[in-house]
Amino acid sequence: MSEARSVTDAYIASLGEAARRVADGEWGLTIDDAAGWPLHVGIRLGDGFLRAQAEVAGNGQVSDHELLFRNRSLRLVRLAHTGAGDVWVVGDLPEAAVSPAELDRLLGLLVAAAIDVRQRCQRRGAPADVQ
């Protein structure tokens, strides 16, 4: 088992019931209330990177312009949309940089970005919840 995998396993285990190991090198984390509803974060170690990602808002809730504008101010994470238009927040760490502190930083920035987008959708009156 790689050091990054061991570190991630221990970090995920420290989060308690909100986190789980899904498969070898894959984990899940649920934040119960991220601007009004759960945020389900997938974490995967592969191809030399640890990636964390979560669906933030549904199709048509965030314009392409807003995604580009918001990405300019984000660090370590970025917003993207699927071909169907759903908005995701995604962050990557090089495998060599995986440590408890960097995992905490990555996940904190990812959750903060998701909450910010969802709150902006709510202020506009858009139902940003995801299915």
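In what follows, residues are counted from 1 in the order of the sequence shown.
- A donor-acceptor pair under 3.5 Å is formed between the side chain of Asn71 and the backbone N or O of Leu79.
- The line from OG of Ser99 to CD of Glu3 is 9.5 Å long, rounded to the nearest 0.5 Å.
- Under a 3.5 Å cut-off, the side chain of Ser73 and the backbone N or O of Arg70 do form a donor-acceptor pair.
- Separating the CD atom in Gln61 from the CD atom in Gln122 is a distance of 10.5 Å, to the nearest 0.5 Å.
- Contact detail for Ala80 and Leu67: the closest heavy-atom pair is C-CD1, 4.4 Å.
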**Request:** Start with the C-alpha gap between Ile43 and Leu50, add the side-chain angles, then the distance that decides, and say whether side-chain contact (heavy atoms from CB on, under 4.5 Å) holds.
**Result:** CA-CA 7 Å; Ile43 303 164; Leu50 182 127; 3.9 Å; yes
Identify all side-chain donor-acceptor contacts of residues 100-108 below 3.5 Å with residues at least two apart in sequence or on another chain.
{"residue": "Glu102", "atom": "OE1", "partner": "Arg105", "partner atom": "NH1", "Å": "3.4"}
{"residue": "Asp104", "atom": "OD1", "partner": "Tyr11", "partner atom": "OH", "Å": "2.8"}

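- Under the 4.5 Å side-chain heavy-atom criterion for ILVMFWY residues, a single connected hydrophobic cluster contains both Leu15 and Val41.
- With sequence neighbours left out, the side chain to side chain contact (heavy atoms under 4.5 Å, CB included) criterion links Arg44 to Glu26, Asp47.
- Transitive grouping of hydrophobic side chains (ILVMFWY, heavy atoms separated by less than 4.5 Å) brings Ile12 and Val7 into a common cluster.
- Remark: the backbone N or O of Ala84 is paired with a side-chain donor or acceptor of Thr82 at under 3.5 angstrom.
- Between Ala54 and Leu110 the shortest heavy-atom distance is CB-CD2, 4.3 Å.
- Smallest separation of non-hydrogen atoms from Ala18 and Arg20: O-NH1, 3.4 Å.
- Annotation for Arg78 and Leu74: closest pair CA-CD1, 4.1 Å, computed over non-hydrogen atoms.
- Minimum interatomic distance between Val77 and Ala113 (heavy atoms only, all atoms of both residues): CG2-CB, 4.2 Å.
- Closest heavy-atom contact between Arg118 and Ala34: NH1-O, 2.9 Å.
- The hydrophobic cluster containing Leu76 also contains Val56, counting ILVMFWY residues as joined when their side-chain heavy atoms lie under 4.5 angstrom apart, directly or transitively.
- Through direct or indirect side-chain contacts shorter than 4.5 Å among Ile, Leu, Val, Met, Phe, Trp and Tyr, Trp88 is connected to Val90.
- If you check the side chains of His81 and Asn59, you find no donor sitting under 3.5 Å from an acceptor.
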**Request:** Quick one: do Asp32 and Leu39 satisfy side-chain contact (heavy atoms from CB on, under 4.5 Å)? Show the steps, please.
**Result:** CA-CA 7 Å; Asp32 287 332; Leu39 181 70; over 6 Å; no
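- Put simply, the side chain of Pro38 does not reach to within 4.5 Å of the side chain of Ile31, judged on heavy atoms.
- Judged by distance alone, the side chains of Trp27 and Asp9 do bring a donor and an acceptor atom under 3.5 Å apart.
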**Request:** Would you sort out whether Glu95 and Leu45 count as a side-chain contact (heavy atoms from CB on, under 4.5 Å), showing the intermediate values?
**Result:** CA-CA 8 Å; Glu95 188 171 343; Leu45 185 62; 4.0 Å; yes
